Amino acid sequence: MAGEAGTLVVARDAILGRIRKRLEGRQGRVGMEAVAERLEQHRPNLIPARGQVPLAERIQLFEEATEALSGTTERLGDVSEVPKAVAKYLREQNLPLELRAAPDPRLEGLPWLDEPLLQVKQGKAEPEDQVSLTAVEAAVAETATLILTSGAESPTTLNFLPETHIVVLRSSQLKGTYEEVLEGLRERFGPGQLPRTLNFITGPSRTGDIEQTLELGAHGPRRLHILLVEDAAS
């Protein structure tokens, strides 16, 4: 068996060698150097026109796409309005005034005391948690997709374990396309230094596998509520 395996390896290398020579004759340069050059350049693909619009149109596009996906949005004039907006949403949904928030610096300093009945805990989600609150890295207007990273400040369990996920999205984080988002992540974290996980969330969790009937909450939250905050950076 060992001899047969060696023969197969030699044959494979011979075949690949001939292919490589032909490619070199047609294209000049192939191999790892060409691959490295392509990865370094980050050339974007064809960009849809719907993603290349001003911020006001991106916000409208994002809201419409979120609604079509059974998610909800609310616009806020300032991040200090988040506690009141969260409490109002929980009351409207007849949910307990309790939530688990990410220990994210972007959520620090929120005036939770404005809602004294609202109980806020920090950290990763626990099985008994019904509601989570997180920030995001960015969002894509053309598909209403949220991009969240994993880490100590943004536990991934908050994105998937509770049945209700509330997200704080600043208007400056709302991009038109995935290409803009990925380029921003490279700039923030550095080449080859992305977090272990990038979570792409588009609407509440859903499935249509059971008798072709749409069911929300199949693999994650059944409710996704996005607080869209205007900020000076936008």
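Predicted model only: the values in this text are computed from it and were never measured.
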Side-chain donor or acceptor of Asp78 paired with backbone N/O of Ser80 under 3.5 Å: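 Looks like yes, one N/O pair under 3.5 Å.
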
Say whether, by atom type as modelled, one donor and one acceptor occur between the side chain of Ser132 and the main chain of Leu158 under 3.5 angstrom.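 Confirmed, Ser132 side chain pairs with Leu158 backbone.
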
What residue among Gln93, Glu74, Glu81 forms side chain to side chain donor-acceptor pair (under 3.5 Å) with Lys88?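 Result: among Gln93, Glu74, Glu81, Glu74 is the only option passing the side chain to side chain donor-acceptor pair (under 3.5 Å) with Lys88.
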
Is it true that atom [atom1] of [X] has more than 12 heavy atoms of other residues, nucleotides or ligands lying nearer than 6.0 Å?
X	atom1	answer
Leu16	CG	yes
Gln52	CD	yes
Glu67	CD	no

Any side-chain heavy atom of Glu137 sitting closer than 4.5 Å to one from Leu185?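 They are in contact (side-chain heavy atoms under 4.5 Å apart), so the answer is yes.
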
Distance-only side-chain donor-acceptor flag, [X] / [Y], under 3.5 Å:
X	Y	answer
Asp231	Ser171	yes
Thr143	Tyr178	yes
His165	Thr134	yes
Ser150	Thr156	no

Is there a chain of hydrophobic side chains (I, L, V, M, F, W, Y, each step under 4.5 Å between heavy atoms) that links [X] to [Y]?
X	Y	value
Val120	Val79	yes
Leu161	Leu148	no
Phe62	Val53	no

What's the separation between atom CG in Leu69 and atom CD1 in Ile201, rounded to the nearest 0.5 Å?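 Leu69 CG to Ile201 CD1: 12.5 Å, rounded to 0.5 Å.
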
